[in-house]
Amino acid sequence: MSRLTLTGVGDPAQNVRFDEDGDLTVGTHDVLLQMEAAPINPVDNLFANGWYAVQPTIPGSIGSEGVGRVLTVGPAADQSLAGRRVVILGSYEQGVWADRVVVPARNVVAVPEGIDALQLSMAVINPVTAYLMLNRYVDLKPGDWIGQTLGNSAVARAVTTLARIAGVRTVSVVRSEEAAQEARAAGADVVLVDGDDLAEQTTKALDGTRLRMVLDGAGGATAGKLATVLETGGTVVSYSSATGEPPALPLGNLVFGELALRGLWVVSWFHTAPRAEIEEVIAELVELVASGQLAVPVDSTFPLHRYAEALARNASPERAGKVLFTFDSTQA
């Protein structure tokens with residue numbers, strides 16, 4: 001067994017070690033997986049630095065989501081999982097940067113064969129976040145408009161795809177013209193580059209229509225600019241903060257527009273949602289992955305022992321898509 005071990009709190013490039021052994025004891029309610037692929041996500045960096053709601057164990061495992069195949073099933077777990085291909089819920093009860101990993105059976109969902117392993121490994125955290133934001137807070141109808149920050153991110157791509165399928169239109173805000181090209185290629189209806197005049201740009205683009213909700217992964221002032229174009233009673237959903245700041249909403253819009261500010265942490269949903277709901281949502285998203293409608297650009301893949309190169313590439317400003325770990329059993 002090979003795995004990456006987090007040896008200290010801080011930058012994973014400086015605090016990750018490659019180990020060739022580890023405890024693979026399968027508990028009563030666990031399954032043992034042979035991993036196929038696992039991405040490097042921004043949340044993995046937050047976790048390693050101790051900036052996440054779930055704190056790391058030192059030394060301990062790392063890696064938030066992925067896809068693998070069940071090799072062994074604990075005696076009290078669902079025996080029908082034996083031999084099945086599964087995706088792993090990113091609850092951080094386990095780390096998946098390992099060729100084999102023991103996971104609580106409740107944290108895996110069986111998925112079909114014949115789907116690209118790289119895309120399947122990214123089918124849970126970001127797509128589920130997008131799905132929940134679009135379905136939990138506002139009763140969106142075809143023709144409605146929503147705004148989103150970080151408009152070229154993996155979450156935003158999933159939002160764009162799911163919104164398009166539902167007939168909902170998107171204003172995606174990005175930070176550069178290069179990012180704008182990526183958002184347009186992903187299918188966003190309107191793409192705007194952030195600036196002091198973002199509110200005016202948005203008002204002009206909507207031509208009298210108001211946004212029904214704003215999805216914010218940037219934090220800071222950008223969501224507040226979009227909030228000035230929200231309908232009365234509109235909703236801002238904050239799911240992340242690239243700036244490290246909370247969304248800053250103008251007081252007048254917040255109070256006089258009776259806006260709602262909601263937070264979403266997908267891990268909470270993994271823990272509290274009924275099992276049937278989790279399986280239904282993931283099955284719907286996996287079907288979109290299988291059809292090619294839900295896809296994330298892949299920059300590069302690395303075997304686990306080249307983890308230093310993988311982490312360096314993930315941190316590179318030249319990266320164009322996700323960096324993933326792949327394992328000997330990777331297959332479509």
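The analysis underlying the following values was restricted to heavy atoms, covering all of them including side chains, and did not include hydrogens, waters or symmetry mates.
- In the hydrophobic clustering, where aliphatic and aromatic side chains (Ile, Leu, Val, Met, Phe, Trp, Tyr) are joined below 4.5 Å either directly or transitively, Val255 groups with Leu251, Phe256.
- For Arg175, the CZ atom is loosely surrounded, since the number of other residues' heavy atoms within 6.0 Å does not exceed 12.
- Connection of Ile88 to Val267 is established within a shared hydrophobic cluster, with ILVMFWY side chains joined at heavy-atom distances below 4.5 Å, either directly or through further cluster members.
- Looking at Arg275 and Glu279, a side-chain N of the basic residue comes within less than 4.0 Å of a carboxylate O on the acidic one, giving a salt bridge.
- A donor-acceptor pair shorter than 3.5 Å can be found between the side chains of Gln34 and Arg100.
- Connection of Ile62 to Val103 is established within a shared hydrophobic cluster, with ILVMFWY side chains joined at heavy-atom distances below 4.5 Å, either directly or through further cluster members.
- By the neighbour-count criterion of 12 heavy atoms within 6.0 Å, atom CD of Glu177 is densely surrounded, having more than that number from other residues, nucleotides or ligands.
- For Glu178 and Ser176, the side-chain atoms include no donor-acceptor pair closer than 3.5 Å.
- Through side-chain heavy atoms spaced under 4.5 Å, either directly or across other Ile, Leu, Val, Met, Phe, Trp or Tyr residues, Leu259 is tied to Trp145, Val171, Val173, Val190, Leu192, Leu198, Leu206, Leu211, Val214, Leu226, Val229, Leu230, Val236, Leu249, Leu254, Leu261.
- Residues meeting the side-chain contact (heavy atoms from CB on, under 4.5 Å) test with Ala295, sequence neighbours left out: Gln119.
- In this structure the side chain of His305 never reaches within 4.5 angstrom of the side chain of Ser2, judged on heavy atoms.
- Taking 4.0 Å as the cut-off between side-chain N and carboxylate O, Asp194 and Lys225 count as a salt-bridged pair.
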| message | Using the rule given for salt bridge (Lys or Arg N to Asp or Glu O under 4.0 Å), can you reason through Asp99 versus Arg3, listing the C-alpha separation, both sets of side-chain angles and the distance that settles it, and then say yes or no? | response | CA-CA 6 Å; Asp99 58 3; Arg3 69 171 184 174; over 6 Å; no

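- For the pair Trp97 (side chain) and Pro39 (backbone), a donor-acceptor distance under 3.5 Å is present.
- Side-chain N/O atoms of Gln94 and Asn107 include a donor and acceptor closer than 3.5 Å.
- Under the 3.5 Å distance criterion, the side-chain polar atoms of Asn49 are left unmatched by any main-chain donor or acceptor of Trp51.
- Between the side chain of Asn41 and the main chain of Asp44, no donor-acceptor pair closer than 3.5 Å is present.
- At distances below 3.5 Å, at least one donor-acceptor pair connects side-chain atoms of Arg319 with backbone N or O atoms of Gly321.
- Atom CD of Gln293 has more than 12 neighbouring heavy atoms from other residues, nucleotides or ligands inside a 6.0 Å radius.
- Under 4.0 Å is where a charged nitrogen must lie from a carboxylate oxygen, and between Glu93 and Arg106 at least one such pair does.
- Taking the six-membered ring for Trp and the full ring otherwise, the centers of Tyr307 and Phe325 sit at least 6.0 Å from each other.
- Looking at heavy atoms from C-beta onward, Val237 lies out of side-chain contact with Asp216 at the 4.5 angstrom threshold.
- Residues Asp19 and Thr5 bring a donor and an acceptor atom of their side chains to less than 3.5 Å of each other.
- Panel note: side chain Gln201, backbone Val193; a donor-acceptor pair is recorded below 3.5 Å.
- Crowding of Glu287 atom CD: a count of heavy atoms from other residues, nucleotides or ligands under 6.0 Å not exceeding 12.
- No side-chain donor from either of Ser153 and Gln148 sits under 3.5 Å from a side-chain acceptor of the other.
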Would you be so kind as to tabulate the donor-acceptor pairs closer than 3.5 Å made by side chains of residues 128-144, with sequence neighbours excluded?
from: Thr129; atom 1: OG1; to: Ile125; atom 2: O; distance (Å): 2.8
from: Asn135; atom 1: ND2; to: Tyr131; atom 2: O; distance (Å): 2.7
from: Asp139; atom 1: OD2; to: Lys141; atom 2: NZ; distance (Å): 3.1
from: Asp144; atom 1: OD2; to: Lys141; atom 2: N; distance (Å): 2.7
from: Asp144; atom 1: OD2; to: Arg212; atom 2: NH1; distance (Å): 3.1

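- For Leu294 against Ala158, the heavy-atom pair with the smallest separation is CD1-CA, 3.9 Å.
- Side-chain contact of Asp11 with Asn15: a donor-acceptor pair under 3.5 Å is absent, judged by distance alone.
- Ser121 places no side-chain N or O within donor-acceptor distance of the main-chain N or O of Gly66, the cut-off being under 3.5 Å.
- In the hydrophobic cluster analysis, where Ile, Leu, Val, Met, Phe, Trp and Tyr join through side-chain heavy atoms closer than 4.5 angstrom, Tyr92 is grouped together with Val108.
- Thr149 places a side-chain N or O within 3.5 Å of a backbone atom of Gly217 that can act as its donor or acceptor partner.
- The backbone N or O of Glu318 sits less than 3.5 Å from a side-chain atom of Ser316, completing a donor-acceptor pair.
- Here the shortest heavy-atom pairing between Pro42 and Lys322 reads CD-NZ, 3.7 Å.
- A donor-acceptor pair is defined here as one N or O able to donate and one able to accept, closer than 3.5 Å; no such pair exists between the side chain of Glu36 and the backbone of Leu120.
- Grouping Ile, Leu, Val, Met, Phe, Trp and Tyr residues whose side-chain heavy atoms lie under 4.5 Å apart, directly or via other members, places Leu71 in a hydrophobic cluster with Met1, Leu24, Val26, Leu32, Val102.
- For the residue pair Ala76 and His29, the shortest heavy atom distance occurs at CB-CE1, 3.5 Å.
- At least one donor-acceptor pair closer than 3.5 Å links the side chain of Asp30 to the backbone N or O of Gly27.
- Remark: Glu245 engages Thr243 in a side-chain contact (heavy atoms from CB on, under 4.5 Å) (not counting sequence neighbours).
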